Amino acid sequence: MSSVLDRPSAAAAGPRPAPPRRRTRILALPEARWALAALVLFLAALPLHLLDTPAWLWGPLFAAVYVTGGWEPGWEGLKALKEKTLDVDLLMVVAALGAAAIDQVLDGALLIVIFATSGALEAVATARTADSVRGLLDLAPETATRLADDGTEETVPADSLAVGDVVLVRPGERIGADGRVLDGAGDVDQATITGEPLPVAKQPGDEVFAGTLNGSGALRVKVERDPSESVIARIVEMVEEAAETKAPTQLFIEKVEQRYSLGMVAATLLVFVIPLLMGSDPRSTLLRAMTFMIVASPCAVVLATMPPLLSAMANAGRHGVLVKSAVVMERLGQVDAVALDKTGTLTEGTPHLTDLRPLDGSGLDEDGLLRLAAAAEHFSEHPLARAVVDAARARDLDPPTASDFSSAPGTGVTATVDGRAVTVGSPARLLDNPAHPAAVLAAALEGEGRTAVVVTLDGRPAGVLGIADRLRPEAATATRALAELTGRAPVLVTGDNPRAAARLAAEVGITDVRAGLLPQDKVDAVHELRNGGAKVLVVGDGVNDAPALAAAHTGIAMGRAGSDLALETADAVVVRDELATIPTVVSLSRRARSLVIQNLVVAGAFIAVLAVWDLAGTLPLPLGVAGHEGSTVLVGLNGLRLLADGAWRRAHPDVR
């Protein structure tokens, strides 16, 4: 029977299947199709117009350009106008129609094409935001084998499964729904959901997730969540909700945009009426006014904020960090203090054997002691037992078969190994003499923050094992990176005992240690930092971390073993449990905010220069269109830079 004690090594497990990357095809977006149609029609009409062919040849083509590129923004603009909101899209369409009305058909068509292209770019940025993470949906199988009450099998769509259904998962199949194992055993690869480095043994009573891969053994699984409520579905929902949010900077721009647009329309009327009253030529005056309206429109300003933030969110999601909203992505770059939980955050949250101390006179060396302990613990499901057995497997030891196994909660296990009675358990229960060498060793290990386990052989202490939660390999590097980004070392806030907390803090370079904290105490620690003017990032994983995550300026939850409450409360989730991604996403957020500032400067400079040129001199309409829409495209492309994998690598802090 497969069990957690029979896990294959990482080498034996072979390459891990990567989550498929779902990428939106550009032409799948209606904005892109309309923009392409407008461009093709424009390129067909342009040479005919330049060669002075009859108008009936190029006229219908230019008219089609206006329709294909302008109908959608025009319609949206009219709907906004009905809601008493002035949309700059409508102003662009009006300007293009105005140009056509005074025989500037080519210029108006050029405006439509460039405007449609910039709109398509914005649509691409928005669509790509959730592509990679939404690809997790492809992990969930389309069908599942449902078992009827009489045991007959039926192949049904996975999304039709209901809570209470029982499904059969054969070796090599993906699990169709979140549920619990009723019967069978197997090693399930759930790295795409939890990030665990090895397949996890699943036995009756264990929870399994939709989309994870059953490696060995058949499982009968009872569905406990509707497919729409599965872990994968919730991840996708979070991303989609995030794409619909707006950052504070964007909200401010949109608030100003309405007043600015109304002022721009009023200024355009003045630019037309005043020269007209002074006797200027109506045609040239109207052309100047429309050029002013085009170059003064805040299209590039409106597009300055969201593409960088959405691109950063998409890139972070592709690398295992789900940022729940554009608000969060903007706020991540503002943090200047970090509070870290210990267990499950800086540590792996799983106990590992750290010390082997055979007693003099026991006749055992380290391998001999571990071999006996692993044989006795083989049938136990206790986390400490798993640590002992995993350590024996890591040393390629072959523990003998034990018999007469028994387990006493709070005391330990007893079994017969090679004809001798072996007991593995708590020093407090197995040792009654505090001066015994085994008791002294146990006390020393506990003083170092480890859990001590005594091994007795035929009733006599034979050695002591030290077990501790292992520090994540990247914990020290991530801590230093966060310290460099924020200008201050992170704070450790943990409910663990002070000795264990101090030992771990020393390993990662943290000096401010706050241990033995209850959930409310963690909240108080966050409030203390915030009252000092800091914008605090809290990183945790458990139910006891949820209040602190909620109280922080920004909260990030570790996804592997994170509680549902912590995952719901946090502003972002590290799905693959890679601690090093946290400083990277903070750095990426700062790069996104930097691009927003760059975009605003570029957009403002273009508007100012072109508007002054039009008012003080004579700005040709084609040049005004090219300058204005060119700045919009430039701003959009600048924001899309953060979609590239290279942007993630460059954001990774270089910590030495």
Side-chain angles (χ1 to χ4, degrees), residues 19 133 136 190-198 200 207 209 212 231-232 234-235 238-239 242 316-324 328 332 335 338-352 383 468-479 481-482 485 490-496 500-501 504-505 507-508 510 517 519 522-523 525-526 536-586 588-589 652:
V133 182
L136 285 172
Q190 50 189 42
T192 51
I193 300 296
T194 66
E196 290 181 275
L198 293 174
V200 179
E207 185 178 21
F209 305 105
T212 53
V231 173
I232 288 179
R234 284 190 292 168
I235 289 173
M238 283 194 298
V239 175
R318 199 162 61 235
H319 290 87
V321 183
L322 298 182
V323 180
K324 293 185 179 180
V328 175
L332 275 169
V335 299
V338 181
L340 299 170
D341 174 48
K342 172 182 170 288
T343 305
T345 300
L346 287 175
T347 69
E348 295 178 351
T350 305
H352 295 271
D469 190 2
R470 188 161 60 191
L471 189 69
R472 294 185 188 275
E474 72 276 19
T477 301
T479 302
L482 288 169
L485 283 170
V491 178
L492 181 61
V493 289
T494 176
D496 207 347
L504 180 136
E507 292 186 50
V508 298
I510 293 178
L517 303 183
K522 291 188 177 184
V523 173
V526 172
V536 186
L537 168 64
V538 171
V539 185
D541 71 309
V543 172
N544 61 333
D545 298 316
L549 291 169
H553 177 75
T554 312
I556 296 180
M558 305 299 287
R560 189 185 84 175
S563 68
D564 286 346
L565 183 58
L567 297 178
E568 292 293 336
T569 304
D571 300 305
V573 178
V574 182
V575 178
R576 300 173 192 164
D577 242 23
E578 297 171 356
L579 194 63
T581 59
I582 295 176
T584 306
V585 77
V586 171
L588 188 67
S589 171
H652 188 77

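Quantities reported herein were computed from a predicted structural model and do not represent experimental measurements.
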- Message: Looking at every non-hydrogen atom in both residues, tell me the closest pair between A475 and V508 and how far apart they are.
- Response: CB-CG1, 4.0 Å

- Task: Could you please spell out the steps behind the side-chain contact (heavy atoms from CB on, under 4.5 Å) verdict for H352 and L471?
- Result: CA-CA 10 Å; H352 295 271; L471 189 69; over 6 Å; no

- Note on the structure: Looking only at heavy atoms, the pair that brings V526 and A552 closest together is CG1-CA, 3.9 Å

- Query: Are the side chain of R472 and the backbone N or O of D577 linked by a donor-acceptor pair below 3.5 Å?
  - Reply: yes

- Task: Go through the structure and list residues passing salt bridge (Lys or Arg N to Asp or Glu O under 4.0 Å) with E507, not counting sequence neighbours.
- Result: R503

- Query: E474 side chain to L579 main-chain N or O, any donor-acceptor pair under 3.5 Å?
  - Reply: yes

- Does the S589 side chain pair with the main chain of V585, one donor and one acceptor, at a distance under 3.5 Å? no

- Query: Looking only at atom types and distance, does a side-chain atom of D341 sit under 3.5 Å from a main-chain N or O of V539, one as donor and one as acceptor?
  - Reply: no

- Message: Please enumerate all residues that pass side-chain contact (heavy atoms from CB on, under 4.5 Å) together with A550, with sequence neighbours excluded.
- Response: T569

- Item | From CA spacing to verdict: side-chain contact (heavy atoms from CB on, under 4.5 Å), I556, L332 | CA-CA 10 Å; I556 296 180; L332 275 169; 4.0 Å; yes

- Just wondering, do T494 and L504 contact through their side chains at under 4.5 Å, heavy atoms? no

- Indicate the atoms forming the closest heavy-atom contact of A548 with V538, along with that distance. O-CG2, 3.9 Å

- Minimum heavy-atom distance between G555 and L549, given as atom pair plus value: CA-CD2, 3.8 Å

- Message: Less than 4.5 Å apart, side chain to side chain, heavy atoms only: is that true for L346 and T479?
- Response: yes

- Task: Could I get the full list of side-chain contact (heavy atoms from CB on, under 4.5 Å) partners for A505, not counting sequence neighbours?
- Result: L492, I510, V513

- Query: Counting distance only, does the side-chain N/O of K324 pair as donor-acceptor with the main-chain N or O of A570 below 3.5 Å?
  - Reply: yes

- Least distance between heavy atoms, L322 atom then G317 atom: CD2-CA, 4.3 Å

- Could you grab the distance from atom CG of L485 to atom OG1 of T584, nearest 0.5 Å is fine? 8.5 Å

- All ring pair (Phe, Tyr, Trp, His ring centres under 6.0 Å) counterparts of H553, not counting sequence neighbours: none

